[in-house]
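Notes for the one structure printed next.
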Amino acid sequence: MITIKTKREIELLKIAGNIVYQTHKYLQPYIKEGITTKELDKLAEAFIRSKDATPSFKGYEGFPTALCISLNSEVVHGFPSDRVLKNGDIVSIDIGACYKGYHGDSGWTYMVGEVPPATKQLLEDTENSLYAGLKQVKPGNRIGDISNAIETYAKEHHLGVVKELCGHGVGTSVHEDPEIPNFGTKNTGPRLKEGMVLAIEPMLTLGRPDVYVHDNNWTVDTIDGSLSAHFEHTIVVTADGYEILTGE
Ligand code: MG
Ligand code: MG
């Protein structure tokens, strides 16, 4: 069931979204060669808790940590660990925060130091595919319009679209209906209505889009080892478009 949020709920979702956004901003100066992904997780968890919020992912279906931190070919759901960031890595950091029972969810891929031009392009194109999807968000349009816009943008830029994972509704649960695939057909799927809150999150690859799951039963990785990027915002559908809750 896709819920329409009340004004009060949207206010709380805005606060949760803003905490997620602030956590990304807080972490950015630390995303450098030499830091471990576990250290980033600890910093973010303390920051989220300092805002009277809790990390949405910690304990979610058994997920062990506050953040999902995925390196290079890893698509999503990486476990923070003693791995050290190196110059040339890309790191996808997915942050969820829960404030007074309402969640915000935003993932972003960052460069560590200098990365090759093709890698930089992957990040730029994946971020742009998110905005191509967001352009379709307005009452009356359908989920398939978002999915199709992301897929079309990705294909035009010769990138693989990971099909096993998708965007979702956000509210009192971090994952609610509807599912928002990053591929699909225009004019299909549920119709968008004012007051829906959605996380839209393309996951694109430089090579083939096929993925497998690590032995930890969580971390999703590309089979061919190609690099993968992930950009996600939580948004609310407004009367004439959308408002981003996890950004400025
Ligand atoms: Mg999400
Ligand atoms: Mg996320």
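Throughout, numbering of the chain's residues begins at 1 and tracks the sequence. Indexing begins at 1, ligand by ligand and atom by atom, following the structure's order.
The salt bridge (charged side-chain N to carboxylate O under 4.0 Å, His left out) search around Lys51 returns none, not counting sequence neighbours. With sequence neighbours excluded, no residue forms a ring-ring contact (aromatic ring centres under 6.0 Å, His included) with Tyr102.
In the displayed structure, Lys163 atom NZ is contacted under 6.0 Å by more than 12 heavy atoms of other residues, nucleotides or ligands. For Arg208, the CZ atom sits in a loose shell: 12 or fewer heavy atoms of surrounding residues, nucleotides or ligands are nearer than 6.0 Å.
Listed by chain and number, the hydrophobic cluster partners of Phe79 are Phe57, Tyr60, Phe63, Val174, Trp218, where partners are ILVMFWY side chains within reach of under 4.5 Å, directly or through others.
Checked against the Mg ion (ligand 1), the N, O or S atom of His168 at the shortest distance is NE2.
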Next on the checklist: Under the criterion side-chain contact (heavy atoms from CB on, under 4.5 Å), I'd like the reasoning laid out for His168 against Glu201: C-alpha separation, chi angles, the key distance, then a yes or no.
Outcome noted: CA-CA 9 Å; His168 50 90; Glu201 50 179 316; 3.0 Å; yes
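Protein N/O/S atoms closer to the Mg ion (ligand 2) than 2.8 Å number 4 in this structure.
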